[in-house]
Each structure stands twice: as C-alpha cells, then as structure tokens.
Amino acid sequence: MVSGQHLAPTTSLALCYIRAFLAALSFSYLSKTLSGTIMKSSITQIERRFDLTSSTVGFIDGSFEIGNLLVIAFVSYFGAKLHRPKVIAVGCFTMALGSLLTAMPHFFMGYYKYETSSHTASSANLTSSINPCSQHQDVNETLLEVSQSGCEKEPSSYMWIYILLGNMLRGIGETPITPLGISYLDDFAKEEDVPVYVACLHTIAMLGPMFGFLLGSLCAKLYVDIGFVDLGSITITPQDSRWVGAWWLGFLIGGVTSFLAAIPFCFLPKSLKKPEEDNDKTSYGLLENMRKKLTLAQNLNSGKIVSLSGHTENIFCNMEILSNRMYFTFLCCSLLQFNSFIGFLTYKPKYMEQQYGQSTSKSNFLIGLTTLPPVGIGIFLGGLIMKKYKMGIIGATKFAFIMSFLAYVTTLLHFFVGCENHVVAGMTVSYEGKPIPYHENAIFSECNSDCKCASNVWDPVCGDNGLTYVSACLAGCTTSVGHGKSTVFQNCSCLAVSSSWTGNNSVTLGQCPKSEDCSMKFIYYTVIQVISGFCYALGVKLTVYQRLTGIPAPVYFGALIDKTCLKWGSTSCGQQGACRLYDSNAYRYVYLGLSAVLRGPSYLIGILFYILIKKDFQNKKSRPIVNGGREDAPINKEDNCKIKEHLPGSSDVENESCI
C-alpha cells in the first residue's frame with residue numbers, strides 16, 4: 001500500500017483520475033517527442049545561423065542527454081517519496097523553459113546577414129546595372145572597413161551557448177516523465193489495463209516525431225526574419241546553402257506545448273485507491289525498484305529481456321549487473337547499434353541536402369512522411385508476429401537479430417545510390433569543365449584575373465553552361481539586369497572558356513541544380529530508407545533510452561563530416577563560418593561508412609548474445625521446479641523477475657518493474 005493511501009479518492013473517482021492521468025501523460029509524451037524532433041530538424045538551420053561546425057552543433061544536440069544524466073539518479077532514488085504528478089508537472093514546465101530559452105537568441109542577435117559579394121544587388125532598382133568585377137576593384141577596402149565596424153557592434157558569437165543550455169534544461173525536464181508516469185499507472189491502475197495504457201503511450205509518442213519533422217519542414221521554408229524584413233530584397237532561396245529558416249518558431253511552439261502538458265498534473269492526487277487489490281498478481285512498483293538501483297538495462301524485442309540486479313540498497317550494485325556476461329554482451333551490442341542510429345538520424349536531413357540537393361524543408365518533410373510511418377507499422381507488426389507465433393525468449397531473440405541484420409544489409413545499398421559532386425568551377429571542375437583535385441587557389445583563372453575577386457566569399461551563381469561559379473565576380477561578369485532573386489549577370493567572360501559552349505554568357509543567382517540522374521537516385525534512396533526502417537523496427541523495440549550514445553555520437557559524426565568540407569563560409573568579421581559546400585563522395589563514404597562500421601561488429605556480438613541466452617535458458621529449464629511446484633508459493637523478488645523474463649505472455653510493465 002502506498003503511504004497516505006487512506007486519504008486516496010474512492011474507487012470510482014480513482015478510475016476517473018487514472019484516466020485523466022493517462023490523458024495528461026499521453027500529451028506529455030507527445031510534447032517531449034515533438035520538442036526532441038524539432039531540435040533534430042533544426043540542426044542545419046542552427047549551424048548556419050550561428051556559423052558553427054558540424055561537431056559543435058552535434059555537441060549542442062547531445063547536451064539533452066547530459067541534462068538527463070544530471071538528474072536521473074536523483075529522480076530514480078527519491079521519486080517514490082515525492083508527489084509524482086507534481087514532479088512530472090515540474091518536468092514539463094522545465095521542458096517549456098528549455099525550449100523557450102533555446103529560441104531566445106533569435107530575438108537578441110539582430111537580423112540575419114547572409115554572405116554575399118554584392119550587397120547592393122538586393123536594393124538596386126530595376127534600371128541600375130551592377131558590375132561585380134569592378135565593384136571589388138573600387139570598394140574592396142571600404143567593404144573591409146564596414147565589415148570590421150559591423151563586427152565590433154555585433155552580439156557575441158557565443159550566443160549558441162544559450163541553445164546548448166536550453167537543450168540541456170529540456171533534458172532535465174524530460175527525465176521524470178517516463179519512470180514516474182509508468183510507475184504511477186503500475187501502482188494505481190488495474191493490472192490488466194496497464195499494458196493497454198502503456199501501448200497507448202507509445203502509440204501517441206510515435207506521433208511526436210512525425211509532427212515534429214513536418215513542423216520543422218514548415219519552419220525551414222519560412223525565412224528566419226520573416227515579418228521583420230522585406231522578403232523581396234532577399235536574394236537567396238531555400239535551396240541555397242546560406243538559407244536559414246525560422247528555426248526559432250518550432251521551439252516556441254514546442255515550449256507552449258510542454259507548458260500546456262504540465263497544467264493537468266498540478267491537479268492530480270499523490271495516490272489513488274487501486275480498483276482491484278491483488279497482492280499476488282500486482283507487479284512490483286517500478287519506482288521503488290529504481291530507488292534501490294540506477295539501472296542501465298534496456299528492453300529488447302517485446303520487453304522480454306531485462307537485466308538482473310543485486311539486493312543491496314547502494315546504487316553501486318549495478319557493478320553486479322555489469323559482471324553478468326549476458327547483460328554485458330547485450331549492453332555492448334546496444335551501444336554500437338544506437339551510436340550508429342543516433343549519429344545517422346542526427347545528420348540525415350543534412351545528408352539529403354548535400355547529397356541530393358534537397359532543401360532543408362523538403363528533407364524534413366520526407367523524413368516525417370516516409371520514415372516514421374513504416375517504423376510505427378514495423379513495431380506493431382513485430383509485436384503481432386511474436387504474439388501469433390507465441391515466440392519465447394529464444395525465438396524472439398532470433399527474430400530480432402534476423403530482421404535487424406536484414407535492415408543492415410538493405411542500408412548498405414545506400415552506397416550505390418549517391419550523387420556526384422556539384423560542378424563548381426575552380427573547385428570540383430576546372431573552368432573548362434574538366435574534373436580536377438580540390439585546391440583553393442584554383443578558383444582564380446585568367447578569365448577573372450582582372451577582377452581581383454574575394455576568395456573567401458560564397459555567393460554562387462549558375463551559368464547557362466551548367467557550371468556553378470563561386471561568385472558572379474569569379475565568373476567574370478561585368479553587367480547585370482533585374483532585381484532581387486531575378487537578378488541576371490551578363491557578359492561573363494569565364495563562360496566563354498568552357499569547352500563546347502557557344503550559348504549566352506550569363507549567370508543567375510544560386511547553385512545549379514543536380515542532374516536528372518541524381519533525382520532518380522534520390523527516389524531509390526527513399527525506397528531503401530522505407531524498407532530498412534520497416535525491417536529494423538519490425539525486430540527491435542525502439543523505445544530504448546540512448547543516454548550513453550546520444551552524447552558522443554553526434555560529436556564524432558560531425559567532426560568527420562567537417563573533414564569533407566570543400567568551401568567554408570565567412571562571417572562579417574572575416575572568420576570561418578559554416579560549411580557551404582561538401583565533397584559529396586567523401587561525405588557519403590564518411591556518413592554511411594561510419595554508421596556501417598559501428599553496426600557491423602554489433603551483429604557478431606549479437607551472435608554471442610544469442611548463444612549465451614540460449615545456454616542460460618536451457619540451463620534454467622533443466623533445473624528442478626522450486627517451491628515444490630507450487631505456483632502461488634512466495635518467492636523472492638529476483639526469482640520472480642527471472643521467471644517473468646521467460647513468460648511469453650508477461651507484459652512490458654511487468655518486465656519493467658523487474659528492472
């Protein structure tokens with residue numbers, strides 16, 4: 001009985017309260033997954049807005065798990081003694097505060113000034129003509145002075161730290177929601193209703209990532225300073241690598257959602273009267289067990305596999321768990337799997353942008369539309385198949401391994417559907433259009449030698465010959481017509497040196513699009529993603545907490561991605577900004593290769609895990625039945641957990657209560 005239960009509401013009222021708690025908890029699940037996905041979908045936008053490297057923005061993304069680790073021990077140990085609904089409410093309020101803090105830098109940094117070699121182009125009238133070549137000859141020193149003056153007046157370049165702190169605060173706030181919420185249901189709901197309630201929670205939680213990526217897609221399509229600047233003067237499009245969408249808007253929406261999720265918990269009681277008391281069937285309280293030990297165990301398949309723990313009150317009894325060969329093998333396998341998974345997911349939108357020339361908005365939209373639904377269907381069918389064929393622990397392990405390995409093999413097909421590099425004159429190809437090794441000095445040529453162009457500016461233009469030039473100046477252009485996005489530069493001398501080109505010598509703003517062949521490969525990539533995501537989810541339960549993988553994976557994935565950068569942007573202070581152009585081939589091999597290298601060895605460890613678990617199960621079957629074969633005889637808690645691990649019909653909540 002829970003302390004103070006004599007003050008609990010009556011049974012009928014308790015049923016109303018438990019349903020209200022379930023509704024509130026479901027909404028909190030939706031809000032936390034929504035906010036987490038908004039961060040994932042905004043990674044590229046944050047990187048460009050704050051001129052960060054991929055490794056730095058990966059560290060920002062991993063700060064969520066840092067915040068979680070800071071308080072998980074406190075929540076696990078003291079949670080049983082506190083008012084659980086109010087603790088969850090505090091957590092939701094904290095998440096809301098973290099989301100709002102993440103969005104705050106936008107309102108203090110001033111307007112976004114993207115990198116361009118001709119600032120006057122956006123404000124020029126339709127009749128004026130700009131000479132990109134002579135512009136840099138005449139006012140190069142003046143522009144430098146203005147840039148340095150503006151640099152001194154700009155806010156600190158470390159405003160991204162507020163995003164890191166906000167994300168960490170959001171991680172702190174999310175910590176109590178799942179353990180305290182599930183334990184509250186476990187303690188006060190009917191035993192037969194708990195599995196249904198938990199299934200509802202996971203189902204609703206799956207909607208969060210879908211809505212999050214769709215919301216991220218909408219925000220990425222809107223210009224970062226929408227409502228504050230004249231959009232007609234903006235010369236870049238969402239396909240441009242300098243484009244920054246309204247990343248802050250998603251965090252404001254996520255913050256409001258988390259705030260609303262907190263309100264119902266403030267009015268729920270500390271304890272309730274359980275509708276049906278049955279001490280022999282009631283599972284052990286999850287929270288009381290977590291108070292006794294800080295678990296690192298993870299559920300696999302249908303929650304049938306959990307870790308064993310010692311009997312001591314000290315949380316350091318986890319060393320006993322780590323000494324278990326079967327658990328340690330499973331832990332190593334999971335760490336490799338989810339390091340690969342987290343790193344792959346974090347930079348997936350960016351990969352789609354750089355490899356296939358998609359905009360951030362379209363990348364997020366396709367992830368939300370084509371990846372998450374197959375995952376949800378896979379999880380549902382996986383549970384249905386295991387239930388239909390009444391898979392035991394051995395069968396479930398084998399099924400999970402086969403489906404996960406099939407997904408891994410399918411993922412390897414990504415290596416064969418990549419696109420070639422952007423054809424950029426002086427960087428990936430010569431000005432004649434022939435492939436060359438990358439060298440920064442190659443951007444200068446005889447055709448633009450009279451222009452004295454800046455080498456550190458990225459303001460790409462697309463020539464009529466299909467080549468992209470770093471700037472209109474480096475294309476040798478001398479005149480222009482039009483205004484804003486419709487500006488066309490003409491009399492570009494470098495187009496004339498292009499082999500077999502006899503057309504107009506004019507260029508338009510922005511990079512040239514990828515080839516039609518690349519568009520077809522993108523379709524193949526999407527199909528492979530759908531199939532591999534479905535197979536992976538079919539065999540593996542994805543509701544595992546990745547606390548040990550969510551911190552380092554985005555950092556070292558980002559660090560290796562930075563190595564593939566061909567052209568770094570520059571800030572108004574003349575310092576290095578975000579990467580504007582990547583080596584597509586190198587990016588593909590690094591991004592996909594690192595993921596494959598991490599996942600590959602996990603299957604060798606998985607085979608060892610299967611052997612150990614099969615041997616352990618056979619040994620248990622060969623032992624004599626304890627307690628004289630009496631089913632209702634009292635047994636100690638650890639033995640009860642061991643038995644539940646091998647019961648095909650035992651619920652997730654029953655297994656989780658053994659952790």
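Residue numbers count from 1 along this sequence.
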Just one of Gln354, Gln355, Glu353, Lys350 clears the side-chain hydrogen bond (donor to acceptor under 3.5 Å, both in side chains) bar with Tyr582, so which one?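 Running side-chain hydrogen bond (donor to acceptor under 3.5 Å, both in side chains) over Gln354, Gln355, Glu353, Lys350 with Tyr582 returns exactly one hit, Lys350.
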Identify, with sequence neighbours excluded, every residue that meets side chain to side chain donor-acceptor pair (under 3.5 Å) alongside Arg580.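 Side chain to side chain donor-acceptor pair (under 3.5 Å) list for Arg580, sorted by chain: Glu115.
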When you look at Thr53 and Thr56, which way does the side chain to side chain donor-acceptor pair (under 3.5 Å) test go after all the steps? CA-CA 5 Å; Thr53 62; Thr56 302; 2.9 Å; yes
Relative to the ring of [Y], is the ring of [X] parallel (under 30°), tilted (30 to 60°) or perpendicular (over 60°)?
X      : Y      : value
Phe401 : Phe405 : parallel
His106 : Trp247 : perpendicular
Tyr591 : Tyr351 : parallel
Phe341 : Phe338 : perpendicular

Mind checking side-chain contact (heavy atoms from CB on, under 4.5 Å) for Leu249 and listing every partner two or more places apart, or none if nothing turns up?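 side-chain contact (heavy atoms from CB on, under 4.5 Å) list for Leu249, sorted by chain: Cys219, Leu222, Ala246, Ile253.
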For Phe211, look at atom CZ and say whether over 12 heavy atoms of other residues, nucleotides or ligands are found less than 6.0 Å away.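 Counting neighbours around CZ of Phe211, 12 or fewer heavy atoms of other residues, nucleotides or ligands fall under 6.0 Å, so no.
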Could you tell me whether Phe365 atom CZ has more than 12 heavy atoms of other residues or ligands within 6.0 Å of it?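 Count not over threshold, so no.
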Donor-acceptor pair between Arg170 and Thr102 side chains, under 3.5 angstrom: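 No.
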Given Thr175, which of Leu70, Leu69, Val71 fulfils the side chain to side chain contact (heavy atoms under 4.5 Å, CB included) condition?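 That would be Val71.
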Check each of Ile236, Val244, Val224 against Tyr114 using the side chain to side chain contact (heavy atoms under 4.5 Å, CB included) test, and report the only one that passes.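 Of the listed residues Ile236, Val244, Val224, the side chain to side chain contact (heavy atoms under 4.5 Å, CB included) partner of Tyr114 is Ile236.
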Determine whether the aromatic ring centres of residues [Y] and [X] are separated by less than 6.0 angstrom.
X      : Y      : value
Tyr184 : Phe188 : yes
Trp160 : Phe59  : no
Phe557 : Phe344 : no

So, taking the atom named CZ in Phe27 and the one named CZ in Phe265, what distance separates them when rounded to the nearest 0.5 Å?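 Going from CZ on Phe27 over to CZ on Phe265, the span is 10.0 Å.
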Kindly compute the distance separating CD1 (Ile367) from CE (Met352), expressed to the nearest 0.5 Å.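 Result: 5.0 Å between the selected atoms.
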Counting N and O atoms only, with roles assigned by atom type, does the side chain of Asp562 sit under 3.5 Å from a partner on the main chain of Ser55, one being a donor and the other an acceptor?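 Yes; at least one donor-acceptor contact below 3.5 Å.
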